[in-house]
Asks: 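Structure below; questions to follow.
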Protein chains: 4
Amino acid sequence: MSQPTREVKVAIAGATGTVGQRFICLLAAHPYFRIASLNASPRSAGKAYKDVVRWKQSVPIPKLVLDMVVKTCEVDQFGDVDIVFSGLDSDVAGDVEEALRKAEYAVFSNAGNFRRDPLVPLVVPLVNPSHFAMIPHQKKTLGLEKGFIITNANCSTTGLAIPFHALEKAFGPLETVVVTTMQAISGAGYPGVPSLDILDNVVPYIGKEEEKIEWELAKILGGLSDDLTEFDMHSKHPMKVSAACNRVPVLDGHLECASVRFARRPPPSPQQVKDALRSFYCEVQKLGCPSAPQQAIVVHDAPDRPQPRLDRYHQEGACVHVGRVRECPVFDVKFAVLSNNVSIGAATSSIINAEYAVAKNIV
Amino acid sequence: MSQPTREVKVAIAGATGTVGQRFICLLAAHPYFRIASLNASPRSAGKAYKDVVRWKQSVPIPKLVLDMVVKTCEVDQFGDVDIVFSGLDSDVAGDVEEALRKAEYAVFSNAGNFRRDPLVPLVVPLVNPSHFAMIPHQKKTLGLEKGFIITNANCSTTGLAIPFHALEKAFGPLETVVVTTMQAISGAGYPGVPSLDILDNVVPYIGKEEEKIEWELAKILGGLSDDLTEFDMHSKHPMKVSAACNRVPVLDGHLECASVRFARRPPPSPQQVKDALRSFYCEVQKLGCPSAPQQAIVVHDAPDRPQPRLDRYHQEGACVHVGRVRECPVFDVKFAVLSNNVSIGAATSSIINAEYAVAKNIV
Amino acid sequence: MSQPTREVKVAIAGATGTVGQRFICLLAAHPYFRIASLNASPRSAGKAYKDVVRWKQSVPIPKLVLDMVVKTCEVDQFGDVDIVFSGLDSDVAGDVEEALRKAEYAVFSNAGNFRRDPLVPLVVPLVNPSHFAMIPHQKKTLGLEKGFIITNANCSTTGLAIPFHALEKAFGPLETVVVTTMQAISGAGYPGVPSLDILDNVVPYIGKEEEKIEWELAKILGGLSDDLTEFDMHSKHPMKVSAACNRVPVLDGHLECASVRFARRPPPSPQQVKDALRSFYCEVQKLGCPSAPQQAIVVHDAPDRPQPRLDRYHQEGACVHVGRVRECPVFDVKFAVLSNNVSIGAATSSIINAEYAVAKNIV
Amino acid sequence: MSQPTREVKVAIAGATGTVGQRFICLLAAHPYFRIASLNASPRSAGKAYKDVVRWKQSVPIPKLVLDMVVKTCEVDQFGDVDIVFSGLDSDVAGDVEEALRKAEYAVFSNAGNFRRDPLVPLVVPLVNPSHFAMIPHQKKTLGLEKGFIITNANCSTTGLAIPFHALEKAFGPLETVVVTTMQAISGAGYPGVPSLDILDNVVPYIGKEEEKIEWELAKILGGLSDDLTEFDMHSKHPMKVSAACNRVPVLDGHLECASVRFARRPPPSPQQVKDALRSFYCEVQKLGCPSAPQQAIVVHDAPDRPQPRLDRYHQEGACVHVGRVRECPVFDVKFAVLSNNVSIGAATSSIINAEYAVAKNIV
């Protein structure tokens with residue numbers, strides 16, 4: 001990619017929250033995005049960022065935002081930015097993002113509110129940036145010139161979508177997926193999971209998470225209608241997905257055990273699966289998006305990898321890790337996937353989506 | 001059961017290890033088993049138990065064993081006990097248990113060495129005490145009068161075998177099982193899992209564990225040949241099992257997410273499954289074995305149960321817990337199972353097996 | 001103690017909270033206290049206990065309260081109980097407890113609101129039940145016949161007060177105390193400490209905790225004025241106390257490292273200190289209070305004890321554990337103390353206080 | 001510092017161990033040290049590093065050592081390196097390091113064997129690089145030309161020595177120190193602490209650790225005799241130190257609560273202490289040693305900092321963090337110190353020591 005010749009001004013909505021803090025860490029060192037506006041609740045507005053944030057990252061607050069004055073999320077408070085990254089909680093994200101779009105901002109949202117919207121692409125940047133092709137239809141339908149909303153996927157979906165997409169690219173459609181997740185506490189935000197609930201414990205339930213995985217995978221892995229106005233929801237090759245979601249006492253990094261069956265008979269061997277995952281190379285990598293990982297899928301041969309603590313920060317958490325690729329006595333192949341839920345599973349995906357949009361002159 | 005009119009003297013082989021410590025805790029308060037011999041490695045022999053054990057239980061060492069002098073595991077050191085409970089490590093369990101059997105002891109082993117032996121029953125007491133019917137054949141084959149070996153199952157298998165058996169009893173054979181385990185660190189013994197490997201982490205691998213689940217379930221859930229000389233390995237209705245095993249930072253209690261498909265069409269509904277599990281009542285309960293749980297399978301309606309920390313010590317850990325019974329988009333039904341790996345998953349099962357043998361005059 | 005010939009009816013205010021749940025567990029099996037009223041917020045009132053509580057104990061809800069209808073904390077909702085145990089949060093405890101006292105109830109409070117009140121005894125039952133002698137003055141001052149308030153101490157104070165009292169009883173006044181605490185998350189209630197704050201972490205701060213330890217010790221370890229109307233705050237032998245309080249990722253059990261200097265020269269040796277702690281026997285034990293521990297202070301010789309996980313549930317958590325008694329290069333002696341913050345550090349102390357009051361015909 | 005104009009070749013003894021792995025991570029990116037030799041046990045010798053190491057770092061193995069062939073720790077296996085960094089276990093470190101010194105290597109050891117040797121400087125590089133002045137005496141005594149041994153301090157000592165030195169520099173000698181440590185599991189190496197011992201637990205004991213703190217502080221904070229042949233052990237102003245050491249379930253980062261009394265009356269105020277710590281600037285910083293931190297002591301004003309998880313990786317773990325500076329009711333001032341035990345508490349200190357030696361032409 002030829003990098004943009006200009007800086008691109010961005011705002012962060014929900015800048016004081018957990019996801020907002022991640023956006024700040026990632027954008028503070030970005031080659032061309034420049035944080036021009038920090039927006040949060042009225043409670044924080046008018047004060048220096050460092051005085052209102054409860055900073056929970058293991059790196060200090062980047063110097064450049066320490067004294068930035070926080071503004072509200074009223075639509076007139078975002079100034080002349082080109083892009084708004086939204087790390088808002090879902091209880092307010094719907095209204096704010098809708099207003100921002102209407103005000104002709106390009107909104108890259110990490111919130112879940114618009115993921116099921118038939119006009120809004122649900123984009124895992126290593127998988128389906130092709131869905132950006134729906135944006136003209138979104139704008140046209142709403143009578144907008146520049147404003148649109150793109151969402152990234154739920155964190156536990158993202159980790160699965162990347163290797164599944166690589167497999168479908170190499171071997172054709174997946175027919176069946178059974179997956180059990182072991183999800184980090186950071187996925188629940190802050191304060192999130194009470195320590196009394198999770199220390200020395202596993203909670204075999206995360207509200208609505210299983211439904212999200214089962215539904216989102218179809219939207220992400222599916223294509224678009226020929227006229228670029230509809231998501232086909234993987235309907236040409238219906239895919240059955242069953243998920244069981246668990247919360248485990250891990251800070252960052254979702255580990256997921258998946259068994260899959262391919263439509264194709266005979267199915268690929270475990271070795272072929274490993275080769276295909278290792279050689280997966282995708283559009284945002286080709287374009288040179290600066291936040292894209294060098295290696296999208298890291299395949300481990302050691303029998304006990306990937307592990308959240310050892311692998312989650314590799315490549316700044318922008319890749320996924322796959323290990324234990326082996327035959328499944330019930331389906332074709334089973335394996336373990338690790339993804340960093342706060343990086344590629346959240347803010348990093350939004351940022352790569354925006355980098356793609358810049359590269360493609362969509363913003 | 002009419003309880004035995006006499007005390008039954010028992011020995012504990014491997015008395016200083018983790019499993020041995022559990023045997024001691026459970027047997028110290030037993031209504032009729034009396035600990036008559038503590039056997040361990042030559043390193044401990046000749047010394048008072050309290051001086052050689054690295055006690056790791058959350059209750060103090062029972063008074064009655066504090067000053068018992070530990071003996072070796074040489075076969076002449078077990079005296080006139082009727083039963084030997086073996087909590088030996090697998091590297092020594094094979095030879096010691098074989099020698100004990102040859103010396104006409106009834107050996108109830110928690111070790112894995114004889115689980116695949118075609119003469120040795122692999123008994124989960126809430127499931128297949130009927131396999132004790134193989135003992136005459138075992139004795140006869142080896143030319144023994146009283147000596148035999150019974151093993152209990154691997155801890156992660158036990159937690160599955162109980163609800164699966166209840167389901168097969170109610171609805172006929174299971175055809176397919178996909179299961180992901182999240183297993184406690186106590187399952188690896190002491191010192192076992194280094195803390196650097198598991199704090200803030202999940203390890204998606206436990207050596208040979210998946211093979212054990214896949215193989216042991218068939219032996220346990222299967223029946224015997226008509227002449228009581230062979231295990232049928234569930235071969236009348238072959239069952240495909242796929243397991244993915246993980247170690248999680250939990251002290252006690254294995255949580256397992258299972259999806260199952262029944263042979264029977266239409267399959268039972270989630271509600272029927274719950275009813276069948278709740279009403280499951282088994283032979284060792286009918287016989288009044290003192291260590292058997294009152295309720296073998298506790299079914300939870302709360303969406304976020306069972307949880308290791310909250311449920312593992314219920315009924316002294318002698319039952320299993322099932323929750324989140326719901327439809328599976330791929331198979332018929334999926335649910336979460338919790339079992340206390342150090343109780344029903346280990347020593348408690350051995351003891352109930354022995355209680356069954358006493359009740360049936362097998363020892 | 002001759003146990004009371006009648007049942008004593010009790011109410012639990014704040015019955016749905018963490019402390020209230022502990023009261024229920026302990027009182028459900030009590031020999032003579034009978035739970036006659038569960039009182040909580042208006043939100044819970046009118047519904048069955050089992051339907052409003054978020055039960056977080058590792059034992060199931062006692063059967064006898066499952067269907068009890070919860071009432072509000074209005075003073076007319078407590079009926080004819082003799083005693084109210086208060087597990088209320090401090091934001092409401094002040095008003096409710098004051099109203100209950102005025103309505104002539106005997107209130108045994110675990111809340112902190114009245115701990116510094118010059119009329120209200122702050123009683124660690126293994127230490128200063130003698131402070132009950134202030135109750136006539138409390139009643140008289142307020143013009144009450146039966147109503148009074150007794151509080152127990154903050155959890156981290158309680159664990160220190162017991163061994164310090166034993167030492168003062170044996171060797172005379174303590175002059176200097178430096179203590180560092182490592183406190184369990186359950187001390188913060190539920191939801192309490194967010195898991196993101198404490199997993200793989202220690203937080204070197206607990207709001208107001210250090211001041212509580214430094215102040216409460218003087219009230220508890222001090223005596224009463226001769227006319228039984230004032231607390232002398234240990235003023236005859238002023239004691240300097242410095243505390244540093246930390247939150248650690250432990251579920252239950254506060255561990256505290258203390259160094260002490262005695263007024264007496266030469267000071268007792270570590271062995272004398274151990275002997276004095278071991279032989280400590282106190283009033284509530286002599287009276288046979290059913291919830292008092294058999295051994296008030298368990299002294300460990302093993303160099304690495306006490307440990308929260310291994311020792312906290314010993315004697316139902318009603319004792320304290322002391323270990324590592326050794327010379328201090330700066331003061332006289334140093335040692336580690338463990339106390340179960342949810343038992344002797346909270347509800348158990350309130351209950352023993354009430355047992356004492358019953359035994360002494362104070363209620 | 002003018003950086004050296006040439007690369008300096010270094011060997012890592014104990015390259016496969018935990019400390020060795022840290023040396024590799026830090027040296028792989030070093031501006032002038034070049035890893036020329038990896039030495040370990042005979043078991044690993046002759047094989048590629050990647051095939052023998054059990055890598056436990058959260059970053060991948062640096063590419064440049066992946067295929068380096070490991071050699072033994074025989075003295076003829078170190079080739080022409082200038083410096084040997086020793087991350088050996090203490091059971092072998094003594095002999096190997098002694099042999100290396102005799103063979104005229106400059107040995108920078110992280111092991112404890114020579115810390116109490118009257119010829120060997122015990123150097124915390126931010127505190128007492130002045131002790132390098134003892135090296136001529138060490139060489140002369142042993143008849144060596146270039147060979148010498150320097151050790152860094154025990155990890156828990158290092159974290160204290162830095163702020164204590166800053167305070168003594170500003171306010172004169174410390175008279176009394178009482179400290180309680182809460183130490184990370186990585187301080188015990190690998191496999192180190194069994195997870196069953198530390199999950200949901202604190203262990204109030206670390207073998208010999210308290211004696212190390214109490215003794216090492218005197219050697220480090222003291223000076224040299226005028227003829228540069230003896231350590232004065234802080235004897236001009238004897239300092240009483242009392243330490244209580246605990247292991248907590250934290251991966252990296254030792255937190256220590258210290259109370260101190262100055263000789264000087266009146267003592268400095270908490271604010272003066274904070275100012276002095278903040279403005280502390282030391283020799284290795286002035287010299288521009290590349291691994292020295294920019295800010296040696298980070299002082300926190302937030303009441304709940306420092307925390308291991310949030311602060312340990314700041315400045316690559318090369319600094320210490322001080323927070324909660326406040327008056328002590330018993331001594332003068334108390335505060336909490338955090339140091340990264342695997343960085344400044346171990347390998348980083350060795351490397352800065354070596355950088356100092358290079359800058360001063362000592363190697």
Asks: Could you tell me which portion of D/Ile198 (side chain, backbone, both or neither) has an atom closer than 4.5 angstrom to a non-hydrogen atom of chain B?
Replies: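 Contact with chain B is through the side chain of D/Ile198 alone.
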
Asks: So, the side chain of D/Ser195 versus the backbone of B/Pro194: is there a donor-acceptor pair under 3.5 Å, distance only?
Replies: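 Such a contact is absent between D/Ser195 side chain and B/Pro194 backbone.
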
Asks: Under the salt bridge (charged side-chain N to carboxylate O under 4.0 Å, His left out) rule, what pairs show up with a residue in residues 58-69 of chain D, not counting sequence neighbours?
Replies: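 Listed once each, the pairs are D/Lys50-D/Asp67.
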
Asks: So, do B/Ser186 and D/Leu196 sit near enough that their side-chain heavy atoms are less than 4.5 Å apart?
Replies: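 A side-chain contact under 4.5 Å exists here.
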
Asks: Is it true that atom CG of D/Asp95 has more than 12 heavy atoms of other residues, nucleotides or ligands lying nearer than 6.0 Å?
Replies: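 No, because the 6.0 Å sphere around CG of D/Asp95 holds 12 heavy atoms or fewer from other groups.
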
Asks: So which residues of residues 199-208 of chain B are in contact with chain D at a heavy-atom cut-off of under 4.5 Å?
Replies: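 Contacts with chain D: B/Leu199, B/Asp200.
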
Asks: Using the side-chain contact (heavy atoms from CB on, under 4.5 Å) criterion, which residues pair with B/Ala244? Sequence neighbours excluded.
Replies: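 B/Ala244 satisfies side-chain contact (heavy atoms from CB on, under 4.5 Å) with A/Cys257, A/Arg326, B/Thr180, B/Glu210 only.
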
Asks: Hey, which of D/Ala184, D/Pro249, D/Ala188, D/Gly192 has the most heavy atom pairs under 4.5 Å with chain B?
Replies: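 Highest number of heavy-atom pairs under 4.5 Å: D/Pro249.
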
Asks: More than 12 heavy atoms of other residues, nucleotides or ligands under 6.0 Å from CD of B/Glu316: is that the case?
Replies: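 Open.
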
Asks: Who pairs with B/Phe33 by ring pair (Phe, Tyr, Trp, His ring centres under 6.0 Å), at least two apart in sequence or on another chain?
Replies: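 Expected list: B/His30, B/Phe85.
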
